[in-house]
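A short write-up of the structure that comes next.
Keep in mind that this is a model prediction, so the values were computed, not measured.
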Amino acid sequence: MSKNDNLLNADGKKEVEINNSTPVPTENTTTESIAVTETNTDNLEIVSETETQVSETLLAKEDEDDNNTTSEEAHVEEIESSNAEDAEDESNVERHKLESKDYHAMSMDLLVIEFEKLIKNHKVQNISTHVNEIKSEFNSKYAALLDEKKEEFIADGGNQIDFYYTNDTKKRFNTAYKDYKYSINAYYKEREQSLKQNLENRLTIIEEIKGLLNVEENINTTYKHFKELQDKWRNAGPIPRDKYNNAWNTYHHHVERFYDFLHLNRDLRDMDFKHNLDQKLKIILRAEELAADENTNRSFRELQVLHKLWKEELGPVAKEHREDIWERFSNATKTIHDKRQAYYADLDKAYEKNLERKEDIISQIITVNEDTTDSHGAWQKKIKTIEVLREDFFNAGKVPLKVNEATWAKFKNAVRDFNRNKNKFYKSLKKDQFNNLQKKNDLIKIAEDNKNSEDFETVTPLMKKIQNEWKKIGHVPRRDSDKIWKQFKGACNHYFDRLHAGKKAENQELYDAFDKKAKLLEDLKSFDFTEDVNADVATLQAKISEWKAVGHVPQNKRFIDGKFSKTIDATFNQLKMDKSKLEMIRFESKLENLSNPDDTRLLDNEQNFIRKKIDEVKGEINQLENNLQFFSNVKDDNPLVKDVHRNIENHKKALDTWQEKLKKIRSMYS
């Protein structure tokens, strides 16, 4: 029988029934009397035959046991599978401590950063699960980006066969993944030979333990040899994970056979059994404590350690205890397993809610796609809406694994449809923009051709016309916008600067008048008041006369007269004198500015305004006097009556002022 044949599908917990014909020493048999003699050599041969029968029976049932794993064994197999993975390398346990992150919610840049951190800070053999998640998410997001870029490329008139796209983030990811693959391949190449040799060593140890049943030596010597083989087994090093459980189960099977078939000196045997029982009871108590712990992941990790101790560090116990203690340990394991399954079931419920949220987001994206508004502003709003929905989708959390791919595909298709519609719109828009660019280039040519013309009378209307046409033409491609505007503006400014320079030369006296008025205005702003109000009034009136004497300014500079009027009014307001008198002085100053022997339109307008104000004030006085009739039976000292009389008096004073202004303005016509 080969070494590989010895990897029996025994679990180290089930009893192996022995043929009753096998001779077994009695309880009173001494150590010395167990020495192998010629008489019991036949018995050892029977043992060997029985062992072969048992091994063949176990091997025959191997496939059946694999295919008929009961639900009661599933919780143990989960632990053993995880321990088998850790058994390849003791540092594998580190993988349990790595933080689980929501890679789905990360951008491509963040995924690359996380990838680089994993490679830098952790052993390469412990990050495969995280690397696979990052790779899957990155590839999905990059594929969506690639589709979008391809749509834009084709929308701009490109040929699909010529499309190529990459970016710095993709290059960083490829570099990181290349480093990871190199490191993981180097690790497994280095580990492969070591694991293979360790497995060979362990199979040899199993063969040696089996051979102890056939040796002819003192039982103490045999027992010492057995203990040495156990120490060699414990120090034999890691083996491939797919061989781990079979190797350990076969080892335990033959260790138990060593105890059961030879029936060692009861003191030695019972000492081992008692030690193992005590330690396994401690393990059971701890497992039962963990079964009450609400932190299911932490309980599961520690339970792995307990199973490793049970399986790898401790030997068998007396037959009468084996089934009971294993049942207790298995029950505690099942409780933790069931709580962990319930925990993941709750996670699945949360994932279902995340799925509902993502389905709703996809529906919103489809609704945006169905919006038929077709303008640049509307599309900009829709683009911002889709960006928010994309972000919400990635932040909505994980969904059940069985629908993850389908959900991602629905999302990607909805976004792709939006991008296609967007690209179609902007392709049409770009066509219009190129037409607009051609129109504006035509106007630039007209401006360039006429910017040095001396025929101002003909060209000036033309230049104004093309400026108005420019404003009416729509957008042009952004890359050309600034360039053509500078060209057009430069040509127009060149022409109008020449035009204004010529007009200024023709009307130099008007510009000189403007300069003088500008200086007078600055002087008025810094007017120094004296204690003599009459003197200040005279000074201000002199400034008004001086301003009027300066004369006209260019048409486009006449705003300065309005500034002067506001400034002179504000200065008069600062004089400390009777308000009605001050009002007349200000009015007379105003009339000085309005009077023009050749044009009385300004005076006419002012006279009409004053007449209107006189009629309004008279009407308000009549209304107030009529209101007094309602108070015929009220004493004159009543507050309401007094208030009406006060208003009538104020209006009459205002009426006097307006009538005085009317007389003054009429005198300006003579």
Side-chain angles (χ1 to χ4, degrees), residues 99-118 129-155 165-170 172-174 176-177 344-374 376-426:
E99 180 185 359
S100 179
K101 297 185 178 181
D102 187 2
Y103 296 118
H104 185 65
M106 294 184 183
S107 66
M108 287 189 291
D109 287 329
L110 285 178
L111 287 171
V112 173
I113 291 172
E114 286 295 323
F115 194 2
E116 292 170 342
K117 284 182 180 177
L118 286 172
T129 300
H130 294 261
V131 169
N132 289 336
E133 285 188 37
I134 289 174
K135 180 185 176 185
S136 176
E137 292 297 341
F138 185 91
N139 287 342
S140 294
K141 289 180 171 62
Y142 188 75
L145 175 64
L146 208 60
D147 285 345
E148 185 175 338
K149 294 297 182 183
K150 180 185 281 188
E151 291 290 341
E152 291 178 359
F153 177 77
I154 295 172
Y165 176 80
T166 189
N167 58 23
D168 292 339
T169 305
K170 174 64 173 173
R172 279 181 65 189
F173 177 83
N174 288 346
Y177 192 73
Y344 284 116
D346 289 340
L347 273 185
D348 286 340
K349 290 179 183 177
Y351 292 166
E352 288 291 343
K353 289 185 178 179
N354 295 343
L355 176 61
E356 291 177 9
R357 173 65 182 142
K358 288 192 171 184
E359 292 283 1
D360 179 61
I361 291 170
I362 293 170
S363 296
Q364 291 183 56
I365 294 174
I366 293 173
T367 300
V368 174
N369 287 344
E370 293 171 350
D371 182 8
T372 57
T373 51
D374 215 26
H376 173 67
W379 271 101
Q380 288 301 305
K381 289 180 181 178
K382 289 196 282 188
I383 289 170
K384 290 179 181 178
T385 300
I386 293 297
E387 287 175 354
V388 172
L389 290 173
R390 279 171 58 95
E391 191 70 20
D392 289 346
F393 182 87
F394 290 128
N395 291 331
K398 294 182 179 180
V399 301
L401 186 61
K402 61 185 178 182
V403 296
N404 184 54
E405 290 296 330
T407 306
W408 171 252
K410 286 172 66 177
F411 169 75
K412 189 168 63 173
N413 289 337
V415 173
R416 181 189 291 127
D417 289 343
F418 172 81
N419 287 330
R420 284 175 176 171
N421 292 334
K422 178 192 69 176
N423 292 336
K424 181 179 179 181
F425 169 78
Y426 280 104

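Results of the side-chain contact (heavy atoms from CB on, under 4.5 Å) test with F173 over N139, L111, D109 single out N139 as the only residue that passes. Among the candidates E114, M108, E133, M106, the single residue satisfying the side-chain contact (heavy atoms from CB on, under 4.5 Å) test with F138 is M108.
Proximity of D417 to R420: side-chain heavy atoms (C-beta onward) are separated by under 4.5 Å at one or more points. Counting heavy atoms from C-beta outward, E116 and V112 have side chains that approach closer than 4.5 Å. The side-chain heavy atoms of R390 and F411, taken from C-beta on, include a pair separated by under 4.5 Å. Annotation: side chain of T407 is in contact with side chain of I362 (closest heavy-atom distance under 4.5 Å). Between R172 and F115, every side-chain heavy-atom pair lies at or beyond the 4.5 Å cut-off. Contact check for K150 versus Y165: no side-chain heavy atoms found under the 4.5 Å cut-off.
Inspection of the K135 and Y177 side chains reveals an N or O donor paired with an N or O acceptor under 3.5 Å.
Take D147 and apply the salt bridge (charged side-chain N to carboxylate O under 4.0 Å, His left out) test, not counting sequence neighbours, and it matches R416. For E405, there are no salt bridge (charged side-chain N to carboxylate O under 4.0 Å, His left out) partners at least two apart in sequence or on another chain.
A cation-pi contact links K141 to F394, judged by a cut-off of 6.0 Å to the six-membered ring centre and 45° from its axis.
Rounding to the nearest 0.5 angstrom, the gap separating the OH atom in Y142 from the NZ atom in K149 is 10.0 Å. Here the CG-OG distance, from L389 to S363, works out to 10.5 Å after rounding to the nearest 0.5 Å. Rounding to the nearest 0.5 Å places CD1 of I113 at 11.0 Å from CD1 of I134. Atom OG1 of T372 is separated from atom CG of N421 by 11.0 Å, given to the nearest 0.5 angstrom.
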Mind running side chain to side chain contact (heavy atoms under 4.5 Å, CB included) on T166 and N174 for me, showing each step along the way?
-> CA-CA 11 Å; T166 189; N174 288 346; 5.7 Å; no
Side chain to side chain contact (heavy atoms under 4.5 Å, CB included) evaluation trace for Y351 with L401 = CA-CA 9 Å; Y351 292 166; L401 186 61; over 6 Å; no
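Shortest non-hydrogen contact noted between Y103 and H130 is OH-ND1, 3.0 Å. Of all the heavy atoms in A414 and I366, the pair that sits closest is CB-CG1, 4.2 Å.
Contacts classified as salt bridge (Lys or Arg N to Asp or Glu O under 4.0 Å) and involving residues 355-373 (residues at least two apart or in different chains) are given here: R357-D360, R357-D392, E359-K410.
Side-chain atoms of N354 come within 3.5 Å of backbone N or O of K398 as a donor-acceptor pair. With hydrogens and angles ignored, the 3.5 Å screen pairs a side-chain donor or acceptor of T385 with a backbone N or O of K381.
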